[in-house]
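Below is one structure, written out as structure tokens; the observations come after it.
Note that the structure is a prediction, hence the values are computed from the model and not measured. In the text below, chain A, chain B and the rest are named by the order of the sequence lines, each starting its count at 1.
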There are 2 protein chains.
Amino acid sequence: MNAQFKKGILELCVLVLTAKGDKYGYELVQMISEKFFIAEGTVYPLLRRLTKEGYFSTYLKESSGGPPRKYYTLTVEGRAYMDELVSEWNTFYEGVNLIVKEGLGDGAE
Amino acid sequence: MNAQFKKGILELCVLVLTAKGDKYGYELVQMISEKFFIAEGTVYPLLRRLTKEGYFSTYLKESSGGPPRKYYTLTVEGRAYMDELVSEWNTFYEGVNLIVKEGLGDGAE
DNA sequence: TTTAGTACCTTGCAATATACAGTACTGAAT
DNA sequence: ATTCAGTACTGTATATTGCAAGGTACTAAA
């Protein structure tokens with residue numbers, strides 16, 4: 001999968017995936033990996049950055065069968081930022097799809 | 001518009017927009033600008049790179065009302081690469097939309 | 001002659017995904 | 001007992017690419 005496509009989108013992904021409930025890093029890696037390849041080394045720095053920017057708060061929790069997990073909770077600002085990104089994403093991907101349709105010419109232009 | 005979203009996608013855009021007929025740089029800038037913001041300084045280097053990589057061939061043509069235009073013609077390799085990118089894009093945006101749906105929970109998860 | 005529009009080019013910067021390397025815990029297989 | 005796979009998090013160096021901001025140069029209208 002084209003690595004460039006993911007720029008900015010992974011941010012959107014981790015934000016929306018924590019919207020309905022706290023998630024830990026490794027769990028997010030697995031959830032996103034179901035849809036397309038993602039490197040572990042990408043997610044953790046991203047989560048740290050978003051936390052630093054105030055979009056997440058975190059807490060540790062013990063795990064049976066491994067080291068403790070760091071859970072990420074979306075803050076109020078995080079939720080607002082997520083809404084903004086989702087809205088931008090919708091505008092964006094629809095625009096791209098129009099261009100693709102226009103270019104490939106399935107009779108709709 | 002989030003600048004990161006466009007990484008790699010502008011490449012896809014200029015390729016598909018030349019699929020049905022040769023286009024010149026400024027024209028591509030205008031076509032893409034109808035859907036979302038794009039900086040002129042982004043498109044020209046991109047077109048040069050894709051030409052260097054063998055995906056475009058070019059020719060100059062006089063214009064009434066301005067300097068000569070540089071037209072870009074999609075090569076056979078360019079078309080193959082475009083097909084690949086379109087396919088990757090489709091997989092990608094559908095994956096992202098599933099994640100967004102999953103996260104925002106409109107009952108479909 | 002000055003401005004707006006057309007049309008192209010170039011450089012430096014910022015953002016971010018990846019590769020790669022490392023730490024550390026648990027449990028099953030050798 | 002030890003090795004390995006899986007879980008879980010951290011950190012750094014690198015490559016790619018979009019943007020800002022500058023520039024050149026042509027035509028036509030104010």
With heavy atoms of chain A within less than 4.0 Å as the criterion, where does contact along DNA chain D begin and end?
D:dT7 to D:dT17
Determine the interplanar angle of the A:F36 and B:F92 rings, folded into 0 to 90°, and report it as parallel if under 30°, tilted if 30 to 60°, perpendicular if over 60°.
tilted
How long is the span from the CD1 atom in A:I32 to the CD1 atom in A:I9, to the nearest 0.5 Å?
11.0 Å
Per the under-4.0 Å heavy-atom filter, residues of residues 32-41 of chain A near DNA chain C come out as A:F37, A:I38, A:A39, A:G41
CD-CD1 distance between A:E34 and B:I99, expressed to the nearest 0.5 angstrom:
8.5 Å
Output a table of nitrogen or oxygen pairs between the protein and nucleotides 3-5 of chain C separated by less than 3.5 Å.
none

Where do A:A19 and A:M82 come nearest, in terms of heavy atoms and distance?
CB-SD, 3.8 Å
Salt bridge flag under 4.0 Å for residues B:K101 and B:E94:
no
Please examine the side chains of B:L15 and B:F56, heavy atoms only from C-beta on, and report whether any two atoms are closer than 4.5 Å.
yes
Would you jot down, in residue-number order, the residues of residues 43-63 of chain A having a non-hydrogen atom under 4.0 Å from DNA chain C?
A:R49
Would you compute the distance between atom OH of B:Y93 and atom CG of A:N97 and round it to the nearest 0.5 angstrom?
4.0 Å
When you measure from every atom of DNA chain C, which of residues 1-16 of chain B have a heavy atom less than 4.0 Å away?
B:Q4, B:K7
Looking at every heavy atom in both A:K20 and B:E102, which two are closest together, and how far apart are they?
CE-O, 3.4 Å
State yes or no: do A:Y26 and A:I38 share one hydrophobic cluster built from I, L, V, M, F, W and Y residues joined by side-chain heavy-atom distances below 4.5 Å, directly or via other members?
no
What does the inter-axis angle of the helix from C:dT1-D:dA30 to C:dT30-D:dA1 come out as, five pairs per end, nearest 10 degrees?
10°
Calculate, to the nearest 0.5 Å, the distance between atoms CD and CG belonging to A:Q30 and A:L17 respectively.
12.5 Å
May I have the list of side-chain donor-acceptor pairs in residues 60-71 of chain B shorter than 3.5 Å, sequence neighbours left out?
{"unit_1": "B:R69", "atom_1": "NE", "unit_2": "B:Y24", "atom_2": "OH", "d": "3.4"}
{"unit_1": "B:R69", "atom_1": "NH2", "unit_2": "B:Y24", "atom_2": "OH", "d": "3.3"}

Close approaches to DNA chain D from residues 78-89 of chain A, in residue order (heavy atom, under 4.0 Å):
none
Sorted by chain and number, sequence neighbours left out, side-chain contact (heavy atoms from CB on, under 4.5 Å) with B:T73 holds for B:D22, B:S57, B:Y59
Inter- and intrachain pairs under side-chain hydrogen bond (donor to acceptor under 3.5 Å, both in side chains), touching residues 37-54 of chain B, at least two apart
B:E11-B:R49, B:R49-B:E53
Looking at residues at least two apart in the chain, or sitting in another chain, which of them share a side chain to side chain donor-acceptor pair (under 3.5 Å) with B:E77?
B:T75
Are A:L98 and B:V86 grouped together when hydrophobic residues (ILVMFWY) are joined by side-chain heavy atoms under 4.5 angstrom apart?
no
Main-chain N/O of B:G8 paired to A:K7 side chain as donor or acceptor, under 3.5 Å:
no
With distance as the sole test, does B:T18 use its side chain to make a donor-acceptor pair with the main-chain N or O of B:V14 at under 3.5 Å?
yes
Between A:W89 and B:N2, is any side-chain donor less than 3.5 angstrom from a side-chain acceptor?
no
Return the residues of residues 68-75 of chain A meeting this criterion: a heavy atom under 4.0 Å from some atom of DNA chain C. Order them by number, or give none.
none
Report the distance from atom CD of A:Q4 to atom CG of B:L12, rounding to the nearest 0.5 Å.
13.0 Å
Give a yes or no answer on whether the side chain of A:S33 reaches the backbone of A:V29 with a donor-acceptor pair at less than 3.5 Å.
yes
Nearest 0.5 Å, what's the CG-CG distance between B:L47 and B:L28?
6.0 Å
